[in-house]
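Before any comments, here is the structure.
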Amino acid sequence: MIAGASSPEKTAASAKGYYSLVQYCPDLSRAEAANVGVLLFCPDKHFIDVRTTASNQHVARFFGRDSFDPERLRTLKRFIEDRVRLYHQHFKTMDDLNRFIESRANDIIISQPRPVKVFNPETDLQKLYEELVGGKARTPNNRRHFLQGIDDTFNVPALKEKLQRDVEVELPSIGSKLHYRYAFNNGRQNLIRPTLFPANEQKLANVAFRLGGEGVQLDKHLDKQLIVICGFEDSKTGDSSADRIKRVMADYPVKMVLRSDLSRFVKEVEQVAHNLRPAHK
């Protein structure tokens, strides 16, 4: 039975979802493919995610070990995961999913979506993976996905001469250097620290207070502005976590930017940031 189908022990209300197989297909003309993952999309629950295999053993058994480049295949699977997880907010309708499927143009293809009842998206995705793919799935690296998404958003031509990268600042009060992923100057240096906040409420509060103290030190001793780009390990609690962080940051000289507002923030930086080097006369 396909995971997510109704069964006597299911008591929660179901929602309509769609699943697709992620497949390795080195020759589209032969239409031979090996399953390397599964994708689940449930618009009503605002959920989309993908599981892919940790190893390439199934592909090796299907096509032979000499028929593919293991590192390239790992990279292709990771790319699918990154696109789905980094831009999950853009998947709102079946048209969005179909456009993503049709955009695939390499050895990794995604099958046409099939309907499935969804009760618990995370659990049902895992069951689909176990039933249709099998083996150990890759473990998501939330921090890497978070940082890569930020880097992709900041990587625009308009910021090439305005944005500093990998900036170190020494705080006199503690006598040590702090590292910032980005910085820009608009008459004052703005230091950007991407931060993936933990799901645990106490740990989240501790991180927020630490950043608040850091912002005070930068403002008081160096006249610098701290900007925190906020992501959340648990996306389902992102809104409530953001509210808690806003309440903490309200008492500190720290600017807070949600990951969902990053594109708008980048546009703002484009407009106000000074060039790193003055234009030649």
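Along the sequence shown, residues carry numbers from 1.
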Write down the atom of [X], the atom of [Y], and the distance for their closest heavy-atom approach.
{"X": "V254", "Y": "G212", "value": "CG2-CA, 4.1 Å"}
{"X": "F184", "Y": "A273", "value": "CD1-CB, 3.8 Å"}
{"X": "L191", "Y": "A183", "value": "CD2-CB, 3.9 Å"}
{"X": "T153", "Y": "V156", "value": "O-CG1, 3.6 Å"}
{"X": "I101", "Y": "S20", "value": "CD1-OG, 4.0 Å"}
{"X": "P253", "Y": "G215", "value": "CG-O, 3.7 Å"}

Give the cluster check for [X] versus [Y]: same hydrophobic cluster or not, with ILVMFWY residues linked at side-chain heavy-atom distances below 4.5 Å.
{"X": "V59", "Y": "I110", "value": "yes"}
{"X": "F91", "Y": "F79", "value": "no"}
{"X": "F265", "Y": "L147", "value": "yes"}
{"X": "V38", "Y": "I80", "value": "no"}
{"X": "L97", "Y": "Y129", "value": "no"}

Nearest 0.5 angstrom please: [X] [atom1] to [Y] [atom2], how far?
{"X": "L76", "Y": "I109", "atom1": "CG", "atom2": "CD1", "value": "12.5 Å"}
{"X": "L222", "Y": "L171", "atom1": "CG", "atom2": "CG", "value": "6.0 Å"}
{"X": "N56", "Y": "R61", "atom1": "CG", "atom2": "CZ", "value": "11.0 Å"}
{"X": "E81", "Y": "R78", "atom1": "CD", "atom2": "CZ", "value": "8.5 Å"}
{"X": "F100", "Y": "F41", "atom1": "CZ", "atom2": "CZ", "value": "12.0 Å"}
{"X": "D223", "Y": "H221", "atom1": "CG", "atom2": "NE2", "value": "12.5 Å"}

I'd like to know whether [atom1] of [X] has more than 12 heavy-atom contacts from other residues, nucleotides or ligands below 6.0 angstrom.
{"X": "R65", "atom1": "CZ", "result": "no"}
{"X": "K45", "atom1": "NZ", "result": "yes"}
{"X": "E130", "atom1": "CD", "result": "yes"}
{"X": "R114", "atom1": "CZ", "result": "no"}

Validation row: [X], [Y] side chains within 4.5 angstrom (heavy atoms):
{"X": "V167", "Y": "Q189", "result": "yes"}
{"X": "I245", "Y": "L204", "result": "yes"}
{"X": "N98", "Y": "P113", "result": "yes"}
{"X": "I229", "Y": "I150", "result": "yes"}
{"X": "Q164", "Y": "L276", "result": "yes"}
{"X": "H58", "Y": "T53", "result": "no"}
{"X": "F47", "Y": "L125", "result": "yes"}
{"X": "E270", "Y": "L159", "result": "yes"}

### Task
Would you please test L258 and F232 for side-chain contact (heavy atoms from CB on, under 4.5 Å) and show each step?
CA-CA 9 Å; L258 295 180; F232 304 96; 4.2 Å; yes
Do [X] side-chain atoms and [Y] backbone N/O form a donor-acceptor pair below 3.5 Å?
{"X": "N185", "Y": "G187", "value": "yes"}
{"X": "D124", "Y": "F119", "value": "yes"}
{"X": "D44", "Y": "C42", "value": "no"}
{"X": "D219", "Y": "V216", "value": "no"}
{"X": "K77", "Y": "S55", "value": "yes"}

Is [X] salt-bridged to [Y], cutoff N-O under 4.0 Å?
{"X": "E214", "Y": "K224", "value": "no"}
{"X": "D152", "Y": "R83", "value": "yes"}
{"X": "E71", "Y": "R74", "value": "yes"}

Is there a donor-acceptor contact under 3.5 Å linking the side chains of [X] and [Y]?
{"X": "R72", "Y": "T75", "value": "no"}
{"X": "E122", "Y": "Q126", "value": "no"}
{"X": "D151", "Y": "Y182", "value": "yes"}

### Task
Kindly indicate, with the supporting measurements, whether the criterion side-chain contact (heavy atoms from CB on, under 4.5 Å) is fulfilled by V248 and L211.
CA-CA 10 Å; V248 172; L211 290 170; over 6 Å; no
### Query
Can you name the side-chain contact (heavy atoms from CB on, under 4.5 Å) partners of K16, sequence neighbours left out?
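Per chain and number, K16 pairs via side-chain contact (heavy atoms from CB on, under 4.5 Å) with Y18, P115.
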Distance-only donor-acceptor pairs under 3.5 Å for side chains of residues 194-203, two or more places apart:
{"residue": "T195", "atom": "OG1", "partner": "R193", "partner atom": "O", "Å": "3.4"}
{"residue": "N200", "atom": "OD1", "partner": "Q202", "partner atom": "N", "Å": "3.0"}
{"residue": "N200", "atom": "OD1", "partner": "K203", "partner atom": "N", "Å": "2.9"}
{"residue": "Q202", "atom": "NE2", "partner": "N206", "partner atom": "OD1", "Å": "3.1"}

### Task
Before giving the answer on side-chain contact (heavy atoms from CB on, under 4.5 Å), spell out for I192 and R181 the whole-Å C-alpha distance, their side-chain angles and the decisive distance to 0.1 Å.
CA-CA 6 Å; I192 300 174; R181 202 169 187 87; 5.9 Å; no
### Task
Would you please indicate yes or no on a ring centroid separation below 6.0 angstrom for F68 and F63?
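Ring-ring flag for F63/F68: false, centres at least 6.0 Å apart.
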### Task
Go through the steps for F62 and E32 under the test side-chain contact (heavy atoms from CB on, under 4.5 Å), then give the verdict.
CA-CA 9 Å; F62 197 93; E32 294 178 339; 4.3 Å; yes
